[in-house]
Amino acid sequence: MWPVLKLLLLQAICSAQRGVLTEGKQTQQAGHVSVVIVGGTGDLAKKYLWQGFFQLYTSQAGSGHTFSFYGGGLSPDDQGTPVLFDILKHVACSPDTPVERCALLKDQFLHLVQYRQLKTPEDYRALGRHIQETLQGEGMVEAGRLFYLSVPAFAYADIADQVNSSCRPAGGAWLRVVLEKPFGHDLSSAQTLATQLGGSLKDEEMYRIDHYLGKQVVSNILPFRKVNQKFLDPIWNRQHIERVEIVLKETLDVKGRIPFYDQYGVIRDVMQNHLTEIMTLLTMKVPQILSSSEEVLRNKLQIFSHLQPVGTKQAVIGQYQAYTAEVREELNKTTDQFSVTPTFAAVMVHIDSAQYDGVPIVLSSGKMLDERVAYARVLFKNDVFCVQNPDHIHCKPKQIIFHFGHGSLEHPAVLVTKNLFKPELVDGEWREVTEHKDTTVLGFPFSDYYVQAPKVQREPYAELIGHILSGRKDCFISAENLLASWGLWTPLLHSLRGSYPRIYPGGEANGNLLDLRLSATELSYASDSVVIISPETMGGTASESFQVTQGKFRGDDMVSAWGEELIVRLATDLQAAAEAAVSEGGAFHLALSGGSSPLALFERLAQHHLSFPWRETHVWMVDERCMSLREPESNFHSVHEHLLQHIRIPYYNIHPMPVMLRQRLCVEEDGGALLYEKEIAHAVNGSAFHFVLLGVGLDGHTASLFPGEKAHERHGDSLVALTESPVKPHQRMSLTLKAINKAQRVGLLVIGKLKHELLTQLSRVKNKPNKWPITGVHPANGKLVWYLDYDALLG
Ligand SMILES: *[C@@H]1O[C@H](CO)[C@@H](O)[C@H](O)[C@H]1NC(C)=O
Ligand SMILES: *[C@@H]1O[C@H](CO)[C@@H](O)[C@H](O)[C@H]1NC(C)=O
Ligand SMILES: *[C@@H]1O[C@H](CO)[C@@H](O)[C@H](O)[C@H]1NC(C)=O
């Protein structure tokens with residue numbers, strides 16, 4: 001029994017399969033293999049594919065296989081050939097190859113490669129004929145044909161069709177067509193693509209690459225779980241696992257890739273594929289026979305059927321601050337264009353099963369973060385409470401880390417804290433790292449861990465290319481797997497469509513801005529912070545120029561978002577206040593400002609808030625210019641134009657300011673201010689408005705209370721006063737600070753880049769109502785909320 005088991009184990013190891021031609025049931029015949037890289041002079045081919053195929057070629061020496069390689073491109077042969085051979089000059093042998101042998105191998109390889117224009121159906125027919133003739137001319141037995149489609153996804157269907165009609169091998173030889181992501185952008189587009197491809201290729205002929213599955217640590221997850229099953233079985237469950245984190249952090253931005261990236265965002269770019277694959281490898285049932293592609297794929301698929309749906313309550317999104325400017329530049333957009341594509345996201349997934357019920361699995365990834373690192377960590381509960389000696393290993397977190405790359409380690413590794421168990425090595429390709437490095441991993445010294453690392457590091461593409469040749473389908477994405485993954489992510493992507501990402505400055509300066517809080521069912525940002533840039537430090541480093549406030553501005557609550565979202569929030573808050581007031585006292589008293597800032601709000605209210613209790617709402621004015629209310633410049637006129645004429649509000653609920661009495665404008669002795677004050681006192685309980693909407697001018701004025709007015713002294717106990725503006729028309733009527741500060745709720749709406757500097761100043765100045773009337777707004781028994789858009793806040 002034991003030797004058989006051991007044999008199975010040995011067979012099991014993904015990386016051990018390199019160069020092995022017989023595997024599982026798919027016994028393969030040695031013979032000639034034709035490799036065609038469509039897009040053979042493109043970036044991916046240049047960086048990874050030719051190198052991978054060269055390695056394949058050298059590792060296959062003596063296997064009985066012979067090869068020919070074709071680099072396909074759209075250019076004619078005379079142009080494409082030199083480009084291709086320029087790329088091929090750079091292929092490298094493994095470091096242990098003697099120089100002369102390497103030169104010989106490269107020379108042989110170059111002789112096997114040729115460039116071919118692949119543009120029209122005729123080009124594919126000619127290629128098919130050429131392969132056939134080569135085989136016949138040399139009297140070779142054909143093993144198979146491998147087409148690597150390194151082209152944009154929209155070209156897949158057409159190329160697959162050409163391959164099917166002109167390049168299918170005859171007899172028993174195989175056809176394998178390799179595809180790169182993106183495989184669609186949601187469930188239905190992925191289904192469409194699958195259907196299109198299905199007309200030309202059989203499922204077993206398609207190899208969808210996720211290069212993460214070629215990373216050594218990733219392909220080691222299942223073998224590691226298998227050889228350490230005796231340690232893991234008792235603890236790999238909800239009783240012991242605190243949470244699972246799958247993290248891919250990048251420091252780069254997406255400059256240069258915006259036309260692609262802005263359509264996709266971080267969830268489609270890396271979460272739907274790489275991080276989801278890792279999640280399934282960590283949580284799927286360990287197969288009885290690791291080398292059985294079928295069993296691996298089946299078990300993987302099973303996990304998807306147990307995933308609970310993910311909604312906006314389990315996700316947060318962010319966007320680095322410079323992103324919008326990059327979008328405007330690369331997509332040639334106007335300056336009022338902004339993008340809501342997330343460049344950071346964190347999502348919590350739950351698996352509905354007895355084994356994992358309630359275990360949070362957090363997937364997170366972002367651009368412009370503080371470090372480049374990718375890992376998955378399984379954190380276990382630790383029930384030891386250390387009374388003394390908290391540095392002792394027993395007091396520390398128990399965790400297993402699959403470290404895929406970068407970060408503080410220069411090599412990929414699997415780390416197990418010494419308070420868990422000493423893991424077995426998977427096979428001859430892995431070694432134990434015993435030298436204690438002067439480094440920390442996720443905050444703990446290297447010496448806290450048992451560490452395993454691959455003896456030789458290999459490129460994922462080279463690994464996967466080897467697996468294609470040996471038919472290792474479990475290292476690729478099956479159609480069912482792909483659709484199941486989109487099935488998980490598509491509903492979330494749809495419900496996030498209207499959401500606005502949190503803006504983060506990038507790099508170290510992100511501070512704690514992107515930290516997460518997990519509850520049993522929800523994931524959110526740990527702080528309500530937003531970011532304020534201060535002009536003095538603009539020239540300094542990013543970390544100096546950002547100051548973070550905790551959802552507060554000048555000590556009062558703050559709501560901040562992009563312009564449109566902000567208006568939606570304010571309108572929603574207004575309606576909530578209206579409904580509460582009406583249900584409590586039968587009426588809602590709202591005082592509105594003029595100016596341009598609230599126009600978008602008025603329009604939003606008129607168009608979208610059909611259930612707003614207008615019939616019970618009284619509309620008052622915060623201030624008015626001394627002019628006929630028919631003049632377009634009057635505040636009332638603007639409120640009427642943009643709001644009142646569109647809603648069903650009783651006309652006796654509308655309270656314009658009496659700026660014209662006895663056919664004269666704002667004459668003190670006509671007593672207009674006093675009249676309005678009496679009207680307020682009569683209609684509004686305690687003269688306390690339910691909601692006062694204010695703006696702020698560049699000089700710090702609010703309502704029509706201007707700097708230098710000495711409002712406190714002059715207005716005394718009045719609720720309404722005549723005031724003087726420094727700009728025309730000079731005469732105004734305005735609610736006083738006294739009236740404003742009686743309100744139950746004051747909303748201060750500030751939008752637009754122009755206000756940025758003002759906000760920065762306001763964020764520091766003390767209360768000096770004579771100099772900055774806005775700083776005199778402090779509702780005595782109510783609440784002040786600042787509604788600030790990102791343009792005003794961030795500049
Ligand atoms: C390939 O093309 C042939 C016709 O040349 C067609 O009958 C077949 O259905 C196509 N698809 C597959 C998967 O073979
Ligand atoms: C960008 O816009 C400018 C002005 O509208 C135009 O001249 C230019 O051709 C555009 N460039 C691109 C790449 O669309
Ligand atoms: C008027 O206000 C007072 C104090 O705020 C409150 O106790 C009372 O219930 C209010 N009356 C009405 C009719 O809302």
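Whatever order the structure lists ligands and atoms in, that order sets their numbers, starting from 1. Because the structure is predicted, anything quoted here is derived from the model rather than measured.
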*Within-cutoff protein neighbour (heavy atom, under 4.0 Å) for atom 5 (O) of ligand 1*: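 No, no protein heavy atom sits under 4.0 Å from atom 5 (O) of ligand 1.
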_Test item: side-chain donor near acceptor, Trp489 and Thr276, under 3.5 Å_ =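 Present: a donor and an acceptor within the cut-off.
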For [atom], what is the nearest protein heavy atom, given as residue, atom name and distance?
| atom | answer |
| --- | --- |
| atom 10 (C) of ligand 1 | Asn164 ND2, 2.6 Å |
| atom 2 (O) of ligand 3 | Asn685 ND2, 2.3 Å |
| atom 14 (O) of ligand 1 | Arg168 NH2, 3.4 Å |
| atom 12 (C) of ligand 1 | Ser200 O, 3.6 Å |

*Glu277/Lys300 ion pair, N-O < 4.0 Å*: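 Salt bridge present between Glu277 and Lys300.
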*Check ligand 1 against Gly199 and write out every atom of the ligand that is under 4.0 Å from a heavy-atom position of the residue.*
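Going through ligand 1 atom by atom, the ones under 4.0 Å from Gly199 are 10 (C), 11 (N), 12 (C).
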*Numbering the atoms of ligand 1 from 1, which are under 4.0 Å from a heavy atom of Leu201?*
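What qualifies from ligand 1 is 13 (C).
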*asked:* Can you confirm if the aromatic rings of Tyr461 and His211 lie within a centre distance of less than 6.0 Å?
replied: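 Yes, close enough.
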*Would a line drawn from the ring center of Phe602 to the ring center of His642 be shorter than 6.0 Å?*
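No, they do not, as the ring centres are separated by 6.0 Å or more.
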_Within 6.0 Å of CD in Gln645, more than 12 heavy atoms from elsewhere_ =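 Buried by this count: over 12 neighbours within 6.0 Å.
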*Could you tell me which residues satisfy ring-ring contact (aromatic ring centres under 6.0 Å, His included) with Phe612, sequence neighbours excluded, listed by chain and number?*
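With neighbours one apart ignored, the set is Trp614.
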*Based purely on interatomic distance, does Gly198 place a nitrogen or oxygen under 3.5 Å from a nitrogen or oxygen of ligand 1?*
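Not met; the criterion fails.
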